[in-house]
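Here is how names work: the chains are called A, B, and so on, in the same order as the sequence lines, proteins then strands, and each is numbered from 1.
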Amino acid sequence: MLTIAKKTFHSRLLIGTALYPDPFTRLQAIKASGAEIVTVSIRRTSLKKSSSENLIADLKNYFILPNTAGCFTAKEAILTAQLAREALHTDWIKLEVIGDEKNLYPDSAELVKAALQLIKEGFTVLPYCNDDPVVCQKLADIGCAAIMPLASPIGSGMGIINRYTLERIREKISLPMIIDAGLGTASDVAIAMEMGMDGILLNTAIAQADHPVQMATAMRLACEAGRFAFLAGRIPFKKFATPSSPSQGVVR
Amino acid sequence: MSIDSFKDKVHIIGGGVIGLSVGWQLARVGIPTVIFDAKKQKASAIAAGMLAPHAECLIENCPLFKLSQDSLSLFPRFLKELQEDSGNLLQMHTCGSLLVGVDEDDARWLERIYLRSKEHGIKIDQLTGEEAREKEPLLTPRINHALWIQGEAYIDPSSLLDALKKAFLARGGEIVEEEIEQLPQNAIVVIAAGAWSARFGLPIRPLRGQIITLRANFSLNCMIRSPRVYLTPGPLQSIRVGATSEEVGFDLHATGEGIRSLLHDSWEIIPAIDQMSLLSIDVGLRPLTYDRFLHVGKDKAGVFHATGHGRSGILLSPYTAYKLKEEICTYYSMVKNKKLVKERLLKV
């Protein structure tokens, strides 16, 4: 069970809704992932009947987490969050403020600024942030509902490139910690969950796989496997072998 | 449909490449046909006209591969018949597709496409940067490897539309320039209104595409694609650079972001883009289905659908025209016979 801001979810996966080959595959993949939370980016669009409504209609059985993808300043992100609240009747927001177009790294200064303002306005803020223990601590201190550090750049599929910092963040922060970006395949998800993460957000790894629905299934299983392995407690690393069969009574 | 007031004419809603192709093929076999053309921006009129099912399939992992191949093989017959009826000689320019990338990430994109080609049994050649530049000398020296698909072609969509219109009228077809709000009653109806088919309740969504046309003193030798953009040669030494894919509803505006990315992404491959004059910026709405499969055939109410062609309307026009011609002819004679029999019995 994943609890964020007093709301409880059975699945620990969060799924993004972009980049799928078509809406049908998107819906099938989201179903296969078992996710309850799906994140959608907020764009200006005509209020007349249009395609964007289809997405929301498709997702009526899911908990919708709007995001501020594409925002480069605190101001844009705050406005986007306010529009999302009006349009989707939710005060939850996945806060993204991008500082670097090439790597899509968050702009930590703008992010904290936007988070402060939105929390003041009563939003439940889930910030997409760098894997920086200090920034994560700050976001936790000012009252974010979860922290969502990246594993590697968005859409890169590189997996966890700085295990050390993510471990330090996990040690320090008791808030829900969700790995937001950069995972490429099922083993990446399992590793993150084994490290004690509370959840995983995936988009490109599923949407751009050759077979998105199959990959979504793999991700669901990996997430569960990693979580169970974390709870079960792995054996320590050892330098030398320990026989697994009893040594008494060996026939010589 | 009430047989008594059955109108002899097939009513086609939409005068884009699909509506015209179907209409012309019907008129060609003597079925009276009227096309209602709302004079909206036709996606087919601004398309790049690529007849490139292999590249398309490999890049998009496309479910329409088989149909696209079939349709491409129908093109020579389609164009021959079109020449008979319109007098216009249309050419498929078989120039091949070159797939290129500029950095490490693009190299992996090419690698993935190459693997997919093996899976689909598509013949594709791996080229070095040098070999790629032999095919197209304008390519940036940054390109280190490329993929080559022989035999893919393009056609100029506006000449195609002109010829279709001419052929349709020459065969006695009728074009009415007005917008249809509701489906005509007591007639065989074909909805071929592209993205606007949605207004008749079809599950079709518009996918906006922005495309720019540049002109230089030279043209391209082949079609070129990167993960972000395509460039195709066009008539009169023009180059088409496209296209964005945006889900923004029925919005036909060009945007700064769209044009900026097309220019940047094409300049990245062909630096000479800088020196070309910008002829036009066009915006169209592709008709997208929910699962990327086509909406071509008769529905429960007896209405024919001819839409959902996404980014492949030009390529799929022969397939759509021949398939619907068969189906509509059969249906037309059936309804017409019923009417004749009924009228005859009434006279007795």
Side-chain angles (χ1 to χ4, degrees), chain A residues 16-31 40-59 69-72 76 87 98 101-104 152-159 182 184-185 204-215, chain B residues 56-65 102-105 108-109 111-113 115-120 195-208 227-228 245-253 255 257 260-261 264 268 285-295 308 310-311:
Chain A
T17 50
L19 299 173
Y20 291 83
D22 55 68
F24 181 74
T25 311
R26 171 169 61 204
L27 200 56
Q28 297 296 108
I30 293 172
K31 261 185 212 158
V40 299
S41 55
I42 300 304
R43 293 287 180 267
R44 282 180 193 280
T45 181
S46 158
L47 282 175
K48 281 185 258 163
K49 196 167 191 259
S50 78
S51 58
S52 57
E53 287 184 0
N54 284 340
L55 172 58
I56 300 302
D58 278 356
L59 300 175
C71 293
F72 280 81
E76 287 165 19
I98 300 300
E101 216 175 333
K102 183 92 185 157
N103 295 301
L104 299 178
S152 50
I154 294 175
S156 71
M158 282 193 277
T185 186
T204 313
I206 294 176
Q208 296 274 294
D210 280 343
H211 304 288
V213 182
Q214 225 168 344
M215 186 55 92
Chain B
E56 195 67 33
C57 161
L58 294 174
I59 292 169
E60 301 287 331
N61 215 0
C62 167
L64 297 175
F65 184 40
V102 291
D103 60 20
E104 242 180 282
D105 285 355
R108 287 196 205 95
W109 176 77
E111 203 178 295
R112 193 177 191 198
I113 284 181
L115 289 176
R116 259 185 209 160
S117 75
K118 298 278 153 231
E119 207 178 297
H120 292 277
W196 285 277
S197 304
R199 67 165 50 173
F200 304 105
L202 271 55
I204 300 288
R205 300 161 318 121
L207 181 67
R208 182 168 74 186
R228 293 164 289 283
S245 290
E246 306 155 273
E247 289 199 41
V248 291
F250 288 92
D251 180 345
L252 273 163
H253 291 98
T255 63
E257 192 194 357
R260 183 187 67 108
S261 60
H264 175 270
E268 190 181 56
L285 300 174
R286 310 176 187 90
L288 201 69
T289 60
Y290 201 66
D291 56 7
R292 290 189 295 165
F293 289 99
L294 295 184
H295 256 274
R311 65 184 85 243

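Here the straight-line distance linking atom CZ of B/R116 with atom CG of A/D210 works out to 4.5 Å at 0.5 Å rounding.
Residue B/D291 comes nearest to A/D22 through the heavy atom pair O-OD2, 3.5 Å, listed as atom of the first residue, atom of the second, then distance. Nearest heavy atom pair, residue A/Q208 against residue B/R112, reads O-NH2, 2.7 Å.
Within 6.0 Å of CZ in A/F72 there are more than 12 heavy atoms belonging to other residues, nucleotides or ligands.
With a 4.5 angstrom heavy-atom cutoff, B/S245 does not touch chain A via any of its atoms.
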